[in-house]
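Below is one structure, written out as structure tokens; comments come after it.
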Amino acid sequence: QVQLVESGGGLVQAGGSLTLSCAASGSIFSGNVMAWYRQAPGKQRDFVARMTSGGNSAYAESVKDRFTISRDNPKNMVFLRMNSLKPEDTAVYYCNVVQRDGGSYWGQGTQVTVSS
């Protein structure tokens, strides 16, 4: 079993920056993929960014040149650096990990609000 806890959300002005953190604990095996998703009120949960344990990353087109995902594997943590934030980035951001056996785990989410 894996537990994920997100932190770092808050209120920021458009154009500002914010860094989210996710701490994972439990039975975390090598070869996993850690990712960030977000969900705005009344909308579906959308992919934001992901990174393999080996450092290969991918981003949603809407955040590609503004957000950066990173990992600290010894600490079982994943981060999301968000720059040039826009009001449309406002959402609850969720951490996700997928194990090699296909098991998928989610954190409780952290609120990011971008004011204009």
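No experiment lies behind these values; they were computed from the predicted model shown.
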Exercise for the section: Give the C-alpha distance, both sets of side-chain angles, the deciding distance and a yes or no for side-chain contact (heavy atoms from CB on, under 4.5 Å) between Leu85 and Phe67. Expected result: CA-CA 9 Å; Leu85 283 161; Phe67 292 9; 3.9 Å; yes
Practice task
Check whether any side-chain heavy atom of Thr19 lies under 4.5 Å from a side-chain heavy atom of Leu80, and answer yes or no.
Solution key: no
Where is the tightest heavy-atom contact between [X] and [Y], given as atom of each residue plus distance?
X: Val112; Y: Gly9; answer: CG2-CA, 4.2 Å
X: Gln99; Y: Val2; answer: NE2-CG2, 3.6 Å
X: Arg71; Y: Met51; answer: NH1-O, 2.9 Å
X: Ser104; Y: Val98; answer: OG-CG2, 3.9 Å
X: Ile69; Y: Ser57; answer: CG2-CB, 3.9 Å
X: Leu4; Y: Cys95; answer: CD1-O, 3.6 Å

Problem - Side-chain donor/acceptor of Asn96 to backbone N/O of Tyr105, under 3.5 Å - result: yes
Handout entry: Step-by-step side-chain contact (heavy atoms from CB on, under 4.5 Å) determination, Val63 to Arg38
Key = CA-CA 12 Å; Val63 308; Arg38 65 187 182 186; 3.9 Å; yes
Exercise for the section: Check the pair Glu6 / Gln108 against side chain to side chain donor-acceptor pair (under 3.5 Å), numbers first and verdict last. Expected result: CA-CA 7 Å; Glu6 303 96 333; Gln108 84 289 345; 3.3 Å; yes
Point-to-point distance, once rounded to the nearest 0.5 Å, from [atom1] of [X] to [atom2] of [Y]:
X: Asn73; Y: Asn32; atom1: CG; atom2: CG; answer: 7.5 Å
X: Met77; Y: Asp72; atom1: CE; atom2: CG; answer: 7.5 Å
X: Gln1; Y: Ser27; atom1: CD; atom2: OG; answer: 7.5 Å
X: Asn83; Y: Ser17; atom1: CG; atom2: OG; answer: 3.5 Å
X: Gln111; Y: Thr90; atom1: CD; atom2: OG1; answer: 7.0 Å
X: Asp65; Y: Tyr59; atom1: CG; atom2: OH; answer: 10.0 Å

Exercise for the section: May I ask you to establish whether Arg81 and Phe79 are in a cation-pi arrangement, using a distance under 6.0 Å from NZ or CZ to the six-membered ring centre and at most 45° from the ring axis? Expected result: no
Practice task
Treat each ILVMFWY residue as a node, draw an edge where side-chain heavy atoms are under 4.5 Å apart, and state whether Phe47 and Val97 are in one component.
Solution key: no
Exercise for the section: Start with the C-alpha distance between Arg66 and Asp89, add both sets of side-chain angles, then the distance that settles side-chain contact (heavy atoms from CB on, under 4.5 Å), and finish with yes or no. Expected result: CA-CA 11 Å; Arg66 300 184 296 119; Asp89 294 319; 2.8 Å; yes
Exercise for the section: Show your reasoning for whether side-chain contact (heavy atoms from CB on, under 4.5 Å) applies to Ser30 and Ser53. Expected result: CA-CA 7 Å; Ser30 63; Ser53 59; 5.5 Å; no
Practice task
Kindly state whether the ring of Tyr37 and the ring of Tyr94 have centres lying under 6.0 angstrom apart.
Solution key: no
